[in-house]
Each structure stands twice: as structure tokens, then as C-alpha cells.
Number of protein chains: 2
Amino acid sequence: MSCHIILQKKGYRLTPQRVEIIRILHNSNQHISADEIYTKLKTKFLYANKSTVYRTLELLKEENLVIDSILEDKIIRYHIAAKGDHHHLICSKCNKIISIPEDIFEATRKIIEEKYGFEISIKHEILIGLCSDCRKS
Amino acid sequence: MSCHIILQKKGYRLTPQRVEIIRILHNSNQHISADEIYTKLKTKFLYANKSTVYRTLELLKEENLVIDSILEDKIIRYHIAAKGDHHHLICSKCNKIISIPEDIFEATRKIIEEKYGFEISIKHEILIGLCSDCRKS
DNA sequence: GTACATGCAAACCGTTTGCAGCCTA
DNA sequence: TAGGCTGCAAACGGTTTGCATGTAC
């Protein structure tokens with residue numbers, strides 16, 4: 001079900017700004033910062049405002065439609081919460097983003113559970129490294 | 001080798017404030033924020049200043065004596081960089097912190113390498129979850 | 001028509017910076 | 001004694017908030 005319909009069903013208004021922000025999030029396969037969204041939004045709405053971006057992201061987050069994550073650069077980035085698409089590899093050289101399945105941490109999860117009795121709740125993990133292309137060069 | 005000696009060897013001055021900040025970091029087995037360090041520092045130095053805290057943490061980070069990490073609450077926390085003590089489990093209920101060995105991600109690392117040709121560089125990972133005590137209750 | 005959403009400006013908060021004076025080496 | 005370090009105050013940048021106006025429903 002699309003974000004728009006979910007918002008509408010919950011009684012939120014589908015303003016052009018919200019529609020555009022959702023479109024920007026969808027069109028960006030990168031994890032994107034609030035500021036980048038704002039810049040893109042401005043190309044369509046001359047008077048668009050950052051607080052609209054933040055308020056919309058807050059709303060989408062509350063409705064579990066977007067996920068925010070924070071990397072070592074301390075900038076919060078957002079992406080659409082697609083089912084089973086919560087973990088990513090990000091190449092530190094070319095910034096390529098690869099989605100990885102949820103069960104990738106199963107081995108680690110089991111080891112930690114057996115060794116420490118600790119139950120990890122990995123919701124959205126990002127691993128930095130080098131992709132295969134960049135390793136070759 | 002202790003932090004003090006390393007700093008001294010590199011030509012940095014061992015001011016009372018720096019010594020105390022290092023002591024606070026050592027005495028706190030928790031990951032601790034700049035603000036918490038500042039509050040503790042003030043109990044000893046009435047006129048202590050936040051910028052001193054930030055500048056000292058910056059220095060210790062540069063010398064690889066402390067590691068900073070950022071969790072979902074977006075607050076940067078610091079802890080002494082002990083060898084082979086880079087990964088932690090943090091219990092979301094009682095805030096207990098458990099250090100885990102570096103090789104804990106080996107299985108995941110291997111899977112990702114085989115499947116995607118992607119070489120992850122996990123330097124300092126924090127996993128949130130429930131510790132064995134809190135799972136029982 | 002009405003309540004919700006927007007744009008604007010100002011506040012907020014953690015962090016950084018410039019500077020004068022202080023203190024470690 | 002000299003240059004690095006501190007405290008202070010002000011700036012900074014990302015984010016949040018209060019308010020009047022605008023608009024989706």
C-alpha cells in the first residue's frame with residue numbers, strides 16, 4: 001500500500017508538499033538527508049520550508065513509513081521503509097548502497113544469544129565498507 | 001600504556017582538567033556523553049568549561065585513545081579505547097553494557113563477502129537488545 | 001467552514017571558534 | 001619564558017516551535 005493512501009486513511013491531509021517529499025524519498029535510492037530533501041523540494045515549491053520537511057519526515061517516521069539512520073558523520077538520513085529492506089551496505093568509496101536481507105545477522109544473533117544470553121534487536125543496521133568494484137581498483 | 005604518558009610523549013600538556021577528564025572516562029564503564037563528562041568535571045573544577053571537554057575529547061579521539069559512537073538517540077558518547085574492546089551490547093531495559101570480542105561478526109562478515117563481494121569494516125559496533133537478566137523478568 | 005498544514009522567524013541545543021589571559025613544561 | 005591550554009562569550013548548524021495565514025477536506 002502506498003504511503004499516500006496510508007496517510008489519507010489515517011486522516012492526514014495529502015498536501016502537494018507531502019506528496020512531493022514522498023516522491024523524493026521514493027526516487028532517491030540513496031539514504032537522503034533532510035537538507036537534500038529540502039533542496040529538491042525547493043526546485044518545485046519556491047517557498048518550500050525546512051520545517052515542512054522535518055514535520056513531514058516526523059509524520060512518516062511515526063507511521064513507520066520511513067526509517068531514519070545516523071552514520072559516523074552524524075547526519076540523519078531517511079529512506080522509505082520497504083518491507084525486509086532494513087539493512088544496507090554502503091561503500092565508503094563510491095557511496096553505492098546495497099540492500100541486504102534481514103536474516104543476514106542470524107549467525108551473529110545466535111552466537112550472542114548462546115554466549116551472553118543477550119537478545120539483540122537489530123532493526124536497521126548499516127555497514128560501511130568497500131564494494132566489490134572498489135576493492136578491485 | 002596509560003593515556004597520560006601517551007599524551008605527554010606526544011608533547012601535549014598534562015593539565016589538571018585533562019587528567020580529570022581521562023579519569024572520568026576511565027571510571028565510567030558506561031559510554032558517556034560530553035555533557036555528562038562536563039557535569040562531573042564541574043564538581044572538581046568550579047569554572048570548568050564545556051569547550052575544554054570538547055577539545056580534550058577531540059584530542060583523545062585524534063590519538064585513538066577514545067572512541068565516540070552515536071546511537072539512535074543521536075547523542076554522541078565516548079569511551080576509552082581499550083584494545084579488542086570495540087563492540088558492545090547495550091541492554092535497552094537496564095542499560096547494562098557488555099563488551100564483546102572483535103571476531104563476533106566473523107560469520108556475518110564471511111556471508112557478506114561471499115554473497116556480495118563486499119568487505120565490511122566494522123570498527124565499533126553497538127547492538128541494542130535485552131540482557132539475560134531482563135529477559136527473565 | 002474548519003481544522004489541519006504551511007511559511008516564516010525566532011528559539012533551541014549540542015558543538016565549534018576567536019580571543020585574552022593563564023600555566024605547564 | 002613561551003607556546004600550548006583554559007574560560008568566556010559569541011557563532012554555528014541542524015532541528016524544533018509558536019504563530020498567523022493558507023488550504024485540503
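In what follows, chains are A, B, ... by sequence order, proteins preceding strands, each numbered from 1. Because the structure is a prediction, the values reported are computed rather than measured.
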* Structure fact -> Taken to the nearest whole Å, CD/B:Q8 to C1'/C:dA25 is 9 Å
* To do: Identify whether any heavy atom of A:I76 sits under 4.0 Å from a base atom; if not, whether one sits that close to sugar-phosphate; answer base, sugar-phosphate or nothing.
  => sugar-phosphate
* Asked: Atom NZ of A:K50 and atom C1' of D:dC12: how far apart are they, to the nearest Å?
  -> 12 Å
* Asked: Less than 4.0 Å between a side-chain N and a carboxylate O, is that true for A:E63 and A:K9?
  -> no
* Polar side-chain atom of B:R109 near backbone of B:E119 as donor-acceptor pair, under 3.5 Å -> no
* Asked: Can B:S33 and B:E36 be counted as having a side-chain donor-acceptor contact under 3.5 angstrom?
  -> yes
* Structure fact -> B:E36 CD to C:dT15 P, in whole Å, measures 11 Å
* To do: Verify the cluster assignment for B:L130 and A:I111: are they in a single hydrophobic cluster under the rule of side-chain heavy atoms below 4.5 Å apart?
  => no
* Any sub-3.5 Å donor-acceptor pair from A:R18's side-chain atoms to A:T56's backbone N or O? -> no
* Within a reach of under 6.0 Å around NZ of B:K10, are more than 12 heavy atoms found that belong to other residues, nucleotides or ligands? -> no
* **d(CG, A:D68; P, D:dT16) in whole Å** => 10 Å
* Asked: For the pair made of NZ in B:K74 and P in D:dT15, what is the distance, rounded to whole Å?
  -> 9 Å
* To do: Could you tell me, to 10°, how much the axis swings from one end of the helix from C:dG1-D:dC25 to C:dA25-D:dT1 to the other, five pairs per end?
  => 30°
* To the nearest Å, how far apart are A:L7 CG and D:dA24 P? -> 15 Å
* Structure fact -> Readout for nucleotides 3-12 of chain C: B = base within 4.0 Å of protein heavy atom, S = sugar-phosphate only, - = neither; 5' to 3' it is BBSBBB----
* Please work out if A:I75 contacts a base, only the sugar-phosphate, or nothing of the nucleic acid, heavy-atom cut-off 4.0 Å. => nothing
* Salt bridge check: are B:D68 and B:K61 linked by an N-O gap of less than 4.0 Å? -> yes
* Could you check how far OH of B:Y38 sits from C1' of C:dT16, rounded to whole Å? => 15 Å
* Structure fact -> Whichever of B:L14 and B:D35 has the more 5' nearest nucleotide on DNA chain C, that residue is B:D35
* Asked: With ILVMFWY side chains joined below 4.5 Å, transitively, what does A:Y54's cluster contain besides itself?
  -> none
* To do: Output yes when a side-chain donor or acceptor of B:S92 lies under 3.5 Å from a complementary backbone atom of B:G129, and no otherwise.
  => yes
* d(NE2, B:H4; C1', C:dA25) in whole Å -> 17 Å
